[in-house]
Amino acid sequence: MEKYDHAKVESKWQKIWEENDCFKASEDTSKPKFYGLVEFPYPSGAGMHVGHIKAYSGLEVVCRKRRMEGYNVLFPIGFDAYGLPTENTAIKTGVHPRKVTDTNIEKFTNQLKKVGFSFDWSRVVDTTDEGYYKWTQWIFLKMFEHGLVFRDKTLVNYCPSCKVVLSNEDSQGGKCDICHTDIVQKTKEVWYLRITEYADKLLQGLNEVNYLPNIRLQQENWIGKSTGAFVNFKIKQCDEMLRIYTTRPDTLYGVTFMVIAPEHPIIDKYKDIIGNMEALLDYREQCAKKSEFERTQLVKDKTGVKIDGLTAVNPINGKEIPVYISDYVMMGYGTGAIMAVPAHDTRDYDFAKKFGIDIIEVIKGGDISKEAYTGDGEMVNSEMLNGITNKKDAIEKILTVLEEKGCGEKGVQYKMKDWAFNRQRYWGEPIPIVHCPKCGMVAVPYEELPLKLPPVDDFRPGTDGESPLAKIDSFVNCTCPKCGGAAKRETDTMPQWAGSSWYFLRYCDPKNDKAFASQEALKYWMPVDWYNGGMEHVTRHLIYSRFWHKFLYDIGEVPCSEPYAKRTAQGLILGPDGVKMSKSRGNVIDPNDVVDQYGADVLRVYVLFMGDYEQAAPWNENSMNGCKRFLDRVWQLQDKLVDGDEYRPQLVSAMHKTIKKVTADIESMAFNTAIAAMMTLINTIYDIGSINRAEYKTFITLLNPFAPHITEEIYEKCGFGGMLHEQKWCEYDEALCVDDTVEIAVQVNGKIKSRITIAADADQSEVISLAKQDEKTAAAIEGKSIVKEIYVKGKLVNIVVK
RNA sequence: GCUGCUGUGGCGGAACAGGCAGACGCAAGGGACUUAAAAUCCCUCGGUGGAAACAUCGUGUGGGUUCGAUUCCCAUCAGCAGCACCA
C-alpha cells in the first residue's frame, strides 16, 4: 500500500463534496430535522485560531452522524463581521472596513473549507451585508414600536485628550488605552434596550431548555433575581416617602440610619430644606470623578456625608434616624436608597463604625462588637418579632404588618441592567431613528430599510465622543418621516452584539427579502436543536439573543419561545506552555500549518482527542503524532483486508461494543473516549492480523465523522459503492456486546487477593464458592470466620473475615 | 469578598447512580529491522523493597461513613473562571 498523501486526498474530497452539494440542508420537510449551531466567527485579520477548530469539530461530528442517521441536517456558518478590530485596521491602513471584512471573510472561508467542515455553504450570512442588517434594523424598530427602546443619561468613560467615549475594556486602570490620559466620567445620553422587562421570562425560560448546569447557573447569576420587600420611610421635615428595597425586612428594628445614592433625586428636590447642600454636591462630584477602578478598590473604606435637615422615620417603631449619602449605594439597583442595619450587614457595619452610628443587635448568634453577624438566630430587640428563630417566619410576619400599615410590600429585584445599545463608531448598523425638533424621536419607515451605512473616507471617531457618521452632513440632515420638516439622523451605530442576536433565524431562510425568514422555514427548523460555543458567550450573547428571540415570539414572528433547545460549551485550547494562547506570549498555533503538515483529519482527531471536550487543555505537538499514527494504521489496514461480509467470531463482541461506545460518546461529547475506543479496536485488529470487508466498512463508518477525508478515500478504494458520508450509521446488538465469560476480582476484607474467570450469567452462590476454591483466596481466609460475602455482578467478590 | 469549576503517573487524560485506579495516547528506556537514520514492529514503563513470585504504599491534605471511597460527607490547601459594595 502506498503512503497516505493527505494533501492530495483531502483536496480531492473537498472538491467532490462542494461540487455535489453534499452537505446542503434539503427543503424536504417530510424528513426529521436537526439544526446544529456553532457560534459564527468574527473574521479578524489574524485568520482562524485552533480554538475555532475545536469549537466547530464537536458539532461537526454530531451533524455528520445525524445525516447518517437519516436526519435533514442544517449546519450553517456565517460571519459576525461588525466590530472594532476591523475599524481599527481601517483607521491604521486607510483601507475601507468593507474591503478589510471581505478579505478576511474570504480567508476564513478558505481555511474552514480546508478543514473539511460539512457546513451548508449556500446559507452563509454576513452581518454587515445590507440584506442582513436591514433585518437587524427591522427588529430594532419593532422593539422601538413596542416601547423596548429608550434613551437615558448615563456616566460613560471619556478621554478628554482623545475626545472619545471608551468602553470599560479600553479604560482599564482609569487610563485611556491609547494616550494614557486619566479617564473622566461624563454624562451622556445613550440608547437602551429594556431587557430588564424580560428578566423574569429569561429566568423562567431556563426551565424549558437543556443547558449544561454551569451555563444555566451563570445565566441565573447574571439575571440575579432577589426577593425582598419595599419599605417606605417617611421624611420628618416634609411630606415625602423615602422608598427602599431590602432582602431582610426582618431586621427592620435594627435600622439605625439610611443611605441614599449620591445622585438620588430627593437631594435636589429638597435643596431648600437641606442645610449642607454644598458638602453634598461636593461629594457627588468626587464620586463622579472616581473611575470604575477606584470604586472597586476602596470597598472596605466607606465614605459619605450626612444630610443635614432630613430625618427619616422608621415606620415600625416611629424612631427617627439620620440619612446619609454614600457611593456604596448605587442609583442603578433597587430604589437607590437603603435602610442600614449595621449589626447584620457588613457594609452598613463598616459605615457605622466609621461614622460612629449606633449598632443594634436584632438577631442573636454573633458578636456585634467585632463584626456584623449575617447568620440566622433568635430575634431580639424587635418587639413583636422577639423569640422567632426562623428567618422566613420573621419576614412573613413583618411583611403582614407593613402591608396592613400601608408602608411596605413584597418586592423583586434583578441585578441585570438594561442593555446599553449604541457605540460612537463607524463599523456597525446605523440606528434607524430620526430626531425631529417637532416630533421627537421618529422611526425610519420600514420600507426605507436598510438605512445604509454611508461611505466615508475618515473612520476616526468625531470629536467630543461623536460617531464618525456625525461628520457627514448628507447623512445627518434629513426630513422627518412624520411631519416632513428638517430633522437630523441618529449617528450612533449598534453594538457588535446586535447582529449575533438573531443570526440563527436568518440561517433558516438566508436569502429572503420579504421577511427575516419565512414562517414555513422557521416552523420547520426552529428551535436550534444543539448550540455549542464558548463559555465567554454564555452570559451576554446568550442572554441577548434569547431576549431578542423572546420578543419576536411575543409579537408572533417566531414559532417557539426559546431559540436553543440545548447548549454546550467547549474548553479552551491553551498554548504548549499551558497558558491561554495570545499573540503577545507567542504561543499561538496556526491551524493552517497543522493542516499543511499533518492534514485536516489529524487536526480534527487531535483537537477532539486531546482531553475532555468541555475542559481546557494545552496543545501538544507530540500527542498529535499519535493521532497521525492512528490514521496511518487505519489506512494500512487495506493491506490486511480479507473477504467476508459478516463480523468474524473473534471480533463480533469487540465490533458491537465499539459501535455502542462511539455512538453514545458522540452524544455526550465524550469525543476523546470515542476515539480511544476506536484505537483500542484497531489494536485488537492488528493483534488478529487481518480485517474483513464488513469489519472495515463498519470501522471507517464510525471514524468518518471525525476523519472524513481518509475514510471516504478508503471507502472508495475498497469499492463499497456510493460515498461513505451517505451511508447509514452503524447499528449494534446489545446482546452481542456481552462476553460469555468475565474476569472478576476476588477481595478478602476489601483487598484484592486474586482474579477468577467465571461465566457471565453465574449466580452469586456459584461465584462465591468458585472464589473460595481459588488457592490464594483460600489461603487468605484459612482459619478465619466469614462474616459477610458480597458479589457485585460481573465485577468482584468480597469476602469479609474476622 | 461571593459564586462555580478543577486537583489522578514524567505529560494529556480514562474510570465515578461507591466495586479490579491509571483505558487510550504521548514521552522515556530496551530490543528487532537497516551500512546508518527516519518510518515500522516487539518488550518495559506510579513509588518503595525484591533476581523473581510477591509484598507494601498510592487519586492535593486531614478526618468520617462503608465489607469496600478517585467517586459520598465534613474540614483544609492550591489553581482556574465568572461576578464584584446588588441592599
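Each chain gets a letter, A, B and so on, in the order its sequence line appears, and its residues count up from 1. As a basis for the values below, the full set of heavy atoms in this structure was taken, side chains included, without hydrogen atoms, waters or symmetry mates.
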**Report entry** A/Trp222 side chain, from C-beta outward: closest of B/C86, B/C83, B/C20
**Finding:** B/C83
Query - Aromatic centroids of A/Tyr544 and A/Trp419 separated by under 6.0 Å - result: yes
Query raised in the report: Is the phosphate of B/C57, meaning OP1 or OP2, less than 4.0 Å from a side-chain N or O of A/Lys751?
Result: yes
**Report entry** Side-chain N,O (A/Arg629) to OP1/OP2 (B/A27) below 4.0 Å
**Finding:** yes
Report task. Respond yes when some side-chain nitrogen or oxygen of A/Arg216 is under 4.0 Å from OP1 or OP2 of B/G4, and no when none is. Result -> no
Query raised in the report: Given B/G25, is OP1 or OP2 found less than 4.0 Å from the side-chain N or O atoms of A/Asn683?
Result: yes
Requested in this report: Indicate whether the side chain of A/Tyr328 and that of A/Asp350 have a donor and an acceptor atom separated by less than 3.5 Å.
Outcome: no
Query raised in the report: Would A/Tyr606 and A/Trp619 count as a close aromatic pair, with their ring centres under 6.0 Å?
Result: yes
Requested in this report: If B/A36 has a Watson-Crick or G-U wobble mate with both distances under 3.5 Å, name it; if not, just say none.
Outcome: none
**Report entry** Under 3.5 Å on both distances, the Watson-Crick or G-U partner of B/G58
**Finding:** none
**Report entry** Within the 6.0 Å centroid threshold, strictly below: A/Phe706 and A/Phe609
**Finding:** no
Report summary line: By the Watson-Crick or G-U definition, both distances under 3.5 Å, B/C2 is matched with B/G82
Query raised in the report: Is a donor-acceptor contact shorter than 3.5 angstrom present between the side chain of A/Asn798 and the base of B/C67?
Result: yes
Query raised in the report: Which heavy atom in A/Tyr613 sits nearest to a heavy atom in A/Met669, and how many Å separate them?
Result: CB-O, 3.5 Å
Query raised in the report: Where each residue is assigned the nucleotide of RNA chain B containing its nearest heavy atom, which of A/Gly336 and A/Ala677 is assigned the position nearer the 5′ end?
Result: A/Ala677
Query raised in the report: For A/Asn749 and B/G68, is the shortest distance between a side-chain N/O and OP1 or OP2 below 4.0 Å?
Result: no
Requested in this report: Using Watson-Crick or G-U wobble geometry with both distances below 3.5 Å, tell me the partner of B/G50, or none.
Outcome: none
Report task. May I ask you to evaluate whether A/Tyr333 reaches the phosphate of B/A87, defined as a side-chain N or O under 4.0 Å from OP1 or OP2? Result -> yes
**Report entry** Interatomic distance at C1', B/G19 relative to B/A69, whole Å
**Finding:** 10 Å
Query raised in the report: According to the Watson-Crick and G-U wobble definitions, with both distances under 3.5 Å, which nucleotide is paired to B/C67?
Result: B/G19
Query - B/U44 - base-pair partner by Watson-Crick or wobble geometry, distances under 3.5 Å - result: B/A28
Query raised in the report: Would you say the side chain of A/Lys302 and the base of B/C85 hold a donor-acceptor pair, judged only by whether the two atoms sit under 3.5 Å apart?
Result: yes
